Amino acid sequence: MRVFYFIYMFLPNEKQGGIKMLDRKFIRDNIDKVEKALKNRQMESPLDKFEELEEQRRDLLYENEKLRHKRNVNSDKIGQLKREGKDASHIIEEMQEVSNKIKKYDEQLNKIEEGLDDILLRIPNIPHESVPIGADEEDNREIKKWGQPREFDFDYKTHWEIGEDLDILDFEKGSKVTGARFTFMKNAGARLERSLINFFLDVHTKEHNYSEVFPPFIANADSMTGTGQLPKFENDMFKLEDLPYYLIPTAEVPVTNMYREEILNKKDLPIYHTAYSACFRAEAGAHGRDTRGIIRQHQFNKVEMVKFVEPENSYKELEIITKDAEEVLQKLELPYRVVTLCTGDLTFSSAKTYDLEVWMPAYDTYREISSCSNFEDFQARRAGIRYRPEPEASTEYIHTLNGSGVAIGRTVAAILENYQNEDGTVTVPEALRPYMGIEVIR
RNA sequence: GGAAGGAUGGGUGAGUCUGGCUGAAACCGCUCGACUCGAAAUCGAGUAGGCAGUUUUGUCUCGGGGGUUCGAAUCCCUCUCCUUCCGCCA
């Protein structure tokens, strides 16, 4: 109950026109399409309620506008009479009643609008037609494999065993200082983490043309709503007490919201940003999963890529951003595969997502290390990010994309496991040696 | 934390004291046209958005929310953000 109230209080300001979420008109005109999308995502449909409210809204609006028109006309008349020094009291009296009626209609309309927004903000993006239909991750489609998982001729260890044996990961200290799912990295481990951050940022800025930003790690409720974390996923985030501020779950949030409520210049597009940030996730509902190691932490580091592009280019850009992410894994010579997420596994805001999964020997499988998504205009709508396609044309929503480039902690885990040696040491991947200054962690 | 000032269209910025004829001057930018071999300069025209209906229309929006009033960019309350000064701090 209280949570609900809280979310409600910090929903985005109802700006002029309410440029938020999926478009009402679009939903109205494409009820079937939206309905189908919800079904493919394994979600219940709130559209009956939506249609009912929408109908009520339009009826009330019509009545209300008629009254407002009357008021405007008569107000002009009153002004005119007063200027001429004539008496207007009989009209004023009549208008008092009209104004009261308008006030009542306004109240009803506001209530309906709130109900509509609450529904709309919880409707996810519509999957792109190329997205495979499926229930869960089992139905994701593998589209590419790179590298050969290494064959070990000795008893290989998990990354947490390696980390503790080399004294570069300290789980006990993490849980003492903070709690479960927090870890200290020490010595070469700390350095490895830092090296990866620098390495990834260097690759993306120098080779892939991203401009680097260093964002705030705390964002407000409007921003969280803009990228789609709120209102549905409040429980997945850490919230500051008594403030409408949240620890960011990814740099996507602050970087995408940099341009919230802005009209971008066509000549500045596309905009590419890359950003390092710490990421904070409550991992609600993940009890018991990946409890060992650093695969699933409440705090982890990530280098993120974010793009703002013209709509017609966004699917081309999705391929590019995915390649940009792949490239850092290739440079590190870590075997990985690329999968297209199916409708049931797709995240709330995304129209299409490629996951990069790195080979993890100890798990004997591929694990997600990057997620590259095209949100089309979903986030742009919520966040009000537009541009003018032609000088005379009216504004249009841009398309946003992002991709992990890539998650640092999981890369550390992958390096420790894939590059481990029989004597317990870990070879440093060649690309990282300039950053690490050593060839072997021992 | 204390004090003062401010938030207006793509940008700069008038209007706020003295409420109505201001959805908003002027300038810049941008678009089209004229001039030109072409460009610059100059001149002319155009140039916010949401919602509802869509043939002419109506309505709402001057940071957000609320109030006063027949009527608010304009008066009052409140919140947010920005600027300047003081204090504090890495």
Side-chain angles (χ1 to χ4, degrees), chain A residues 6 8-29 50-51 53-114 116-117 120 214 216-226 240 242-245 257-269 377 380-398:
Chain A
F6 222 32
Y8 204 73
M9 281 190 65
F10 299 116
L11 276 179
N13 303 323
E14 259 305 298
K15 279 278 182 95
Q16 37 271 52
I19 327 161
K20 306 284 174 190
M21 59 217 111
L22 278 182
D23 199 27
R24 279 179 201 159
K25 254 192 243 168
F26 175 85
I27 294 177
R28 230 155 57 205
D29 297 343
F50 167 81
E51 282 187 290
L53 283 173
E54 179 64 10
E55 206 170 303
Q56 281 179 31
R57 183 181 75 91
R58 273 183 294 167
D59 289 347
L60 276 169
L61 200 60
Y62 178 69
E63 293 302 321
N64 201 17
E65 288 196 357
K66 270 203 301 201
L67 285 177
R68 282 173 179 274
H69 177 60
K70 188 173 180 185
R71 183 176 73 180
N72 286 342
V73 168
N74 281 308
S75 286
D76 279 351
K77 219 181 275 174
I78 292 167
Q80 212 174 339
L81 286 173
K82 291 225 158 165
R83 254 173 280 132
E84 292 167 4
K86 293 179 183 162
D87 175 54
S89 51
H90 60 290
I91 311 183
I92 290 177
E93 214 169 296
E94 191 190 339
M95 284 306 102
Q96 281 171 345
E97 204 179 313
V98 172
S99 279
N100 282 336
K101 266 193 205 157
I102 290 173
K103 214 171 273 178
K104 266 185 205 132
Y105 276 130
D106 280 349
E107 275 167 30
Q108 290 179 52
L109 273 168
N110 276 338
K111 226 180 212 165
I112 289 171
E113 296 266 356
E114 280 168 12
L116 279 168
D117 283 355
L120 290 172
F214 197 110
F217 292 177
I218 295 173
N220 62 30
D222 280 353
S223 294
M224 290 298 176
T225 308
L240 269 58
D242 298 331
L243 285 172
Y245 290 170
N257 279 285
M258 276 174 79
Y259 301 103
R260 177 152 49 80
E261 306 294 340
E262 286 190 20
I263 296 171
L264 304 175
N265 278 324
K266 183 186 161 90
K267 63 173 189 285
D268 295 335
L269 297 176
D377 65 1
R381 247 173 227 295
R382 292 181 152 238
I385 310 172
R386 294 168 294 168
Y387 81 113
R388 210 176 290 283
E390 299 298 330
E392 284 296 271
S394 57
T395 56
E396 243 175 63
Y397 295 108
I398 53 130

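Order of the sequence lines sets the chain letters (A, B, ...), proteins ahead of strands, with each chain counted from 1. Every value quoted in this text rests on a predicted model; they were computed, and no experiment measured them.
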So, do A:N257 and A:D222 sit near enough that their side-chain heavy atoms are less than 4.5 Å apart? no
At less than 4.0 Å, is any side-chain N or O atom of A:K103 found next to OP1 or OP2 of B:rU68? Yes or no. yes
Does A:R386 make a side-chain N or O approach to OP1 or OP2 of B:rG10 shorter than 4.0 Å? no
What does B:rC70 pair with, Watson-Crick or G-U, if both distances are under 3.5 Å? B:rG20
Under 4.0 Å, counting only non-hydrogen atoms across every strand here, what does A:I91 touch: a base, just sugar-phosphate, or nothing? nothing
Can you tell me how far OH of A:Y62 sits from CG of A:L67, rounded to the nearest 0.5 angstrom? 11.0 Å
From CZ of A:R71 across to P of B:rG20 the rounded distance in Å is 16 Å
Hey, is the side chain of A:N72 poking within less than 4.0 Å of OP1 or OP2 on B:rC60, counting only N and O atoms? yes
What nucleotide among B:rC60, B:rG58, B:rG53 has an atom nearest to a side-chain atom of A:H69? B:rG58
Can you confirm whether A:E262 sits close enough to A:I385 that some side-chain heavy atom of one is under 4.5 Å from a side-chain heavy atom of the other? no
For A:K25 and B:rC51, give me the distance from atom NZ to atom C1', rounded to whole Å. 8 Å
Side chain of A:S75, heavy atoms from C-beta onward: which of B:rG49, B:rA52, B:rC70 has the nearest atom to it? B:rC70
Side chain of A:Q96 only, please: which of B:rG53, B:rC70, B:rU59 is the nearest? B:rC70
Distance, C1' atom - from B:rG44 to B:rU54, rounded to whole angstrom: 32 Å
I'd like to know whether CZ of A:F217 has more than 12 heavy-atom contacts from other residues, nucleotides or ligands below 6.0 angstrom. yes
Strand partner of B:rA3, provided both Watson-Crick or wobble distances fall under 3.5 Å: B:rU84
Rounded to the nearest Å, what distance is computed from the CD atom of residue A:Q80 to the C1' atom of nucleotide B:rG19? 17 Å
Short side-chain N/O contact from A:S99 to OP1 or OP2 of B:rG71, under 4.0 Å: yes
Give me the distance, rounded to whole Å, that separates B:rC62 from B:rA24 when you measure between the P atoms they each carry. 14 Å
A:E54 side-chain proximity, nearest of B:rG20, B:rG49, B:rA52: B:rA52
Count the heavy atoms belonging to other residues, nucleotides or ligands that lie under 6.0 Å from CZ of A:F214, then report whether that count exceeds 12. yes
Given atom CD of A:E262 and atom P of B:rG11, what is their separation to the nearest angstrom? 9 Å
B:rU74 and B:rC60, which share atom name P, separated by this distance in whole Å: 15 Å
Of A:M95 and A:K70, the one whose closest RNA chain B nucleotide lies more 5': A:K70
Please report the distance separating the C1' of B:rU22 from the corresponding atom of B:rU16, rounded so that it comes out in whole Å. 12 Å
Rounded to the nearest Å, what distance is computed from the CG atom of residue A:L67 to the C1' atom of nucleotide B:rA52? 15 Å
Residue-phosphate contact under 4.0 Å: A:R381 side-chain N/O, B:rG50 OP1/OP2: no
Using atom C1' in both nucleotides, what's the gap between B:rG58 and B:rG53 to the nearest angstrom? 8 Å
Between A:R57 and B:rA52, is there a side-chain N or O to OP1/OP2 distance below 4.0 Å? yes
Separation of the C1' atoms in B:rG49 and B:rA39, to the nearest angstrom: 36 Å
Base-pairing assignment for B:rC43 (Watson-Crick or G-U wobble, both under 3.5 Å): B:rG33
From B:rC70, B:rC51, B:rC60, nucleotide with atom closest to A:R68 side chain: B:rC60
Counting only Watson-Crick pairs (N1-N3 plus N6-O4 or O6-N4) and G-U wobbles (N1-O2, O6-N3), all under 3.5 Å, who is the partner of B:rU55? none
Under 4.0 Å between a side-chain N or O of A:R24 and OP1 or OP2 of B:rC51? no
Pairwise C1' distance for B:rG65 and B:rC81, with rounding to whole Å: 15 Å
Distance in angstrom units between A:D106 CG and B:rU69 P, rounded: 16 Å
Check this for me: A:E51, atom CD, are more than 12 non-hydrogen atoms of other residues, nucleotides or ligands nearer than 6.0 Å? yes
When rounded to whole Å, the CG to C1' distance for the pair A:L269 and B:rG10 reads 14 Å
Minimum side-chain heavy-atom gap A:L264-A:Y259 below 4.5 Å: yes
If you look at every strand shown and take non-hydrogen atoms under 4.0 Å, does A:Y105 touch a base, only sugar-phosphate, or nothing? nothing
What does B:rA48 pair with, Watson-Crick or G-U, if both distances are under 3.5 Å? B:rU61
Compute whether any side-chain donor of one residue and acceptor of the other, for A:N220 and A:S223, lie under 3.5 angstrom apart. yes
Please state the C1' separation for the pair B:rU61 and B:rA72 - nearest whole angstrom. 13 Å
Between P on B:rU61 and CD on A:E261, what's the gap in Å once rounded to a whole number? 18 Å
Nearest to the side chain of A:I263, which nucleotide is it out of B:rG71, B:rG10, B:rA52? B:rG10
